Protein chains: 2
Amino acid sequence: MKLKPDTTRERLIDAAMELFHAQGYGATGVAQILKKADCNSGSLYYCFPTKEDLLLAVLEKYKVMLHPVLLEPIWSRLSDPIEKIFGLLDGYRQMLMATNCAYGCPIGNLALELAHTHPNAAKLITENFHGWRDAVKKCLEDAGGRFPDDLDRKQLASFVLTVMEGGVMQARAEKSLVPFDAAVTQLRDYFDRLLSDGTQWGSSATPATSPSRDIGQEFND
Amino acid sequence: MKLKPDTTRERLIDAAMELFHAQGYGATGVAQILKKADCNSGSLYYCFPTKEDLLLAVLEKYKVMLHPVLLEPIWSRLSDPIEKIFGLLDGYRQMLMATNCAYGCPIGNLALELAHTHPNAAKLITENFHGWRDAVKKCLEDAGGRFPDDLDRKQLASFVLTVMEGGVMQARAEKSLVPFDAAVTQLRDYFDRLLSDGTQWGSSATPATSPSRDIGQEFND
DNA sequence: GTCTATAACTCGATAGAC
DNA sequence: GTCTATCGAGTTATAGAC
């Protein structure tokens with residue numbers, strides 16, 4: 001039951017995590033990380049062969065943090081699975097508000113910066129996205145028959161991630177919560193329309209719609 | 001009626017445009033731009049005081065290109081305003097396919113990289129986003145009564161941009177069209193549900209939904 | 001494990017000839 | 001307007017003492 005290990009290695013990861021989030025990977029110098037972690041380059045290169053290995057450790061830590069740090073505080077506060085999803089989106093809104101829309105989603109930022117040039121990082125970024133999406137998918141599954149039977153839960157969960165990332169991007173670009181709130185409002189409206197089409201309302205009473213246009217591809221995980 | 005001016009200044013802008021799209025602003029060195037534009041540093045700094053001024057010229061050019069280069073080929077091919085919107089999204093799909101999902105949206109990439117640290121660039125990025133969104137808004141307005149009367153066209157147009165950017169981000173991260181197609185499919189389903197609720201179908205026959213949850217903010221342009 | 005000093009390199013930008 | 005040469009600062013990473 002070790003408390004606050006606070007090893008040099010962990011201080012380096014935490015410092016890099018903050019700086020990569022605020023400035024990006026390329027724009028953050030090793031010297032800056034060393035200053036924030038309060039150690040010297042010898043220590044860093046003793047723990048990590050290269051700067052990129054430190055990045056991978058940061059992305060691993062994000063994966064570990066997903067459930068206990070990001071989801072659990074929201075999951076324990078809200079019981080309704082659909083409200084959990086919008087509670088999660090509200091968590092990003094809080095983060096944007098607290099930082100004046102300056103930093104955005106740390107994974108999304110790194111995704112656009114590194115996906116093309118750093119395959120090892122890209123793999124971990126995808127794993128982070130999938131963890132987030134699967135947590136939302138579980139909520140959609142927990143909502144059971146409130147959604148139409150033929151709704152593709154995985155695809156809708158991916159869509160929620162799409163809306164979050166796109167909304168956060170626009171909020172950052174404009175330094176305003178307005179485009180993020182607009183996105184969440186539209187998503188909520190979509191959910192309302194899906195829910196009013198669920199079996200709870202009686203599927204025979206719903207008007208004719210075309211809920212899925214097959215585009216000939218499936219999720220491959 | 002000058003044809004192909006092909007000035008050094010334009011070659012520099014075009015070279016920078018391509019490289020910033022493929023690699024980002026910070027990751028692209030001035031030497032690389034010079035090589036692609038086939039000139040030397042003296043010429044660049046004769047045309048532009050700094051590298052950042054070249055970036056601003058690139059972002060200005062994207063603004064100018066929006067209608068004649070991005071929209072016009074699609075607008076002239078499709079007459080239905082709603083199909084225009086999905087034709088525009090399909091244009092991004094084509095781009096992703098042609099580049100193996102490597103590059104993504106040039107404005108979105110620069111938005112996440114620079115919005116926080118380069119205010120002049122951020123202003124032009126926002127103007128690019130607004131130009132795109134307003135073109136979509138015009139389509140929604142052209143669709144007239146096919147949508148519910150109380151639909152906020154501007155907010156829905158912003159949502160389309162959100163979905164495009166979020167979908168392109170995930171496609172880049174996973175190097176797969178699947179998450180992009182998932183996002184467009186869900187957006188299409190949302191549009192179908194909105195359209196089946198339009199006045200064309202008779203507003204008195206629609207079931208009770210809650211189309212707008214006021215969050216107490218407006219677009220400020 | 002952590003320190004200091006520095007190697008080896010690239011960066012954006014400038015100077016001055018032509 | 002375009003060239004070549006280069007400055008000064010910053011970069012990641014290493015060497016070797018302790």
Side-chain angles (χ1 to χ4, degrees), chain A residues 2 4-59 109-110 113-114 116-122 124, chain B residues 2 4-61 109-110 113-114 116-122 124:
Chain A
K2 48 181 174 163
K4 276 186 183 256
D6 199 38
T7 63
T8 298
R9 184 190 159 84
E10 287 189 34
R11 287 206 318 280
L12 283 164
I13 293 175
D14 290 346
M17 184 176 260
E18 274 190 53
L19 290 165
F20 293 166
H21 185 197
Q23 307 177 332
Y25 173 73
T28 299
V30 167
Q32 219 176 345
I33 299 170
L34 295 173
K35 189 177 177 186
K36 189 166 196 114
D38 194 36
C39 69
N40 300 94
S41 71
S43 297
L44 190 156
Y45 288 100
Y46 174 81
C47 294
F48 304 96
T50 69
K51 182 188 174 188
E52 186 179 351
D53 289 285
L54 175 56
L55 167 69
L56 301 181
V58 167
L59 288 168
N109 296 350
L110 295 173
E113 183 182 356
L114 305 168
H116 175 224
T117 48
H118 295 67
N120 296 331
L124 285 165
Chain B
K2 49 179 175 168
K4 277 184 182 258
D6 199 39
T7 63
T8 298
R9 183 190 161 85
E10 287 189 33
R11 287 206 319 280
L12 282 165
I13 293 175
D14 289 346
M17 185 176 260
E18 274 190 52
L19 290 165
F20 292 165
H21 185 198
Q23 308 177 332
Y25 173 74
T28 299
V30 167
Q32 220 176 344
I33 299 170
L34 296 173
K35 189 177 177 184
K36 188 165 199 114
D38 194 36
C39 68
N40 300 94
S41 70
S43 297
L44 191 157
Y45 288 100
Y46 174 81
C47 294
F48 303 96
T50 70
K51 182 188 174 189
E52 186 180 350
D53 289 286
L54 175 56
L55 167 69
L56 300 182
V58 167
L59 288 168
E60 286 283 3
K61 178 153 183 174
N109 295 349
L110 294 172
E113 182 181 357
L114 306 169
H116 175 225
T117 48
H118 296 65
N120 296 331
L124 285 166

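Just so we're on the same page: letters track the sequence lines, and every chain starts at 1. Every value quoted in this text rests on a predicted model; they were computed, and no experiment measured them.
Looking at every heavy atom in both residues, A:Ala15 comes nearest to A:Ile33 through CB-O, 4.0 Å. The nearest pair of heavy atoms linking B:Ala57 to B:Arg9 is CB-NH2, 4.5 Å. The minimum heavy-atom distance linking A:Glu113 with A:Tyr25 is given by the pair OE1-N, 2.9 Å. Shown here for A:Thr28 and A:Leu19, the closest heavy-atom pair between the two residues is OG1-O, 3.4 Å. For the residue pair A:Asn109 and A:His21, the shortest heavy atom distance occurs at ND2-O, 3.7 Å. The two residues B:Leu114 and B:Leu55 have their closest heavy-atom pair at CD1-CD2, 3.6 Å.
Taking B:Asn120 as the reference, nothing meets the side chain to side chain donor-acceptor pair (under 3.5 Å) condition, with sequence neighbours excluded. A:Gln32 meets the side chain to side chain donor-acceptor pair (under 3.5 Å) test with A:Gln23; sequence neighbours excluded. Take B:Cys39 and apply the side-chain contact (heavy atoms from CB on, under 4.5 Å) test, not counting sequence neighbours, and it matches B:Thr8, B:Arg11, B:Leu12, B:Leu34, B:Ala37, B:Ser43. A:Ser41 pairs by the side chain to side chain donor-acceptor pair (under 3.5 Å) definition with nothing, not counting sequence neighbours. Legend: residues meeting side chain to side chain donor-acceptor pair (under 3.5 Å) with B:Asp53, ordered by chain and number and at least two apart, are B:Thr50. With sequence neighbours excluded, the residues forming a salt bridge (Lys or Arg N to Asp or Glu O under 4.0 Å) with B:Lys36 are B:Glu18, listed by chain and number. Qualifying salt bridge (Lys or Arg N to Asp or Glu O under 4.0 Å) partners for B:Lys61, counting only residues two or more places apart in sequence or in other chains: B:Asp14.
Of the residues in residues 16-29 of chain A, those with a non-hydrogen atom less than 4.0 angstrom from any atom of DNA chain D are A:Thr28, A:Gly29. A heavy-atom distance below 4.0 Å to DNA chain C is reached by these residues of residues 43-56 of chain B, ordered by number: B:Tyr45, B:Thr50, B:Lys51.
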Give me, pair by pair, the N or O atoms of the protein and of nucleotides 4-8 of chain C that are less than 3.5 Å apart, along with how far apart they are.
{"residue": "C:dT4", "atom": "OP2", "partner": "A:Asn40", "partner atom": "ND2", "Å": "2.9"}
{"residue": "C:dA5", "atom": "N6", "partner": "A:Ser41", "partner atom": "OG", "Å": "3.3"}

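From the 5' end on, the contacts that DNA chain D makes with chain A at under 4.0 Å to a non-hydrogen atom open and close at D:dT12 to D:dT14.
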query: Would B:Tyr45 and B:Val30 count as a side chain to side chain contact (heavy atoms under 4.5 Å, CB included) if you check the C-alpha gap in whole Å, the side-chain angles of each, and the deciding distance to 0.1 Å?
result: CA-CA 10 Å; B:Tyr45 288 100; B:Val30 167; 3.8 Å; yes
Residues A:Phe20, A:Leu59; criterion side chain to side chain contact (heavy atoms under 4.5 Å, CB included); working and verdict: CA-CA 10 Å; A:Phe20 293 166; A:Leu59 288 168; over 6 Å; no
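The distance between atom NZ of B:Lys35 and atom P of C:dG12, rounded to the nearest whole Å, is 15 Å.
Fit an axis to the five pairs at each end of the helix from C:dG1-D:dC18 to C:dC18-D:dG1 and the two axes sit 10° apart, to the nearest 10 degrees.
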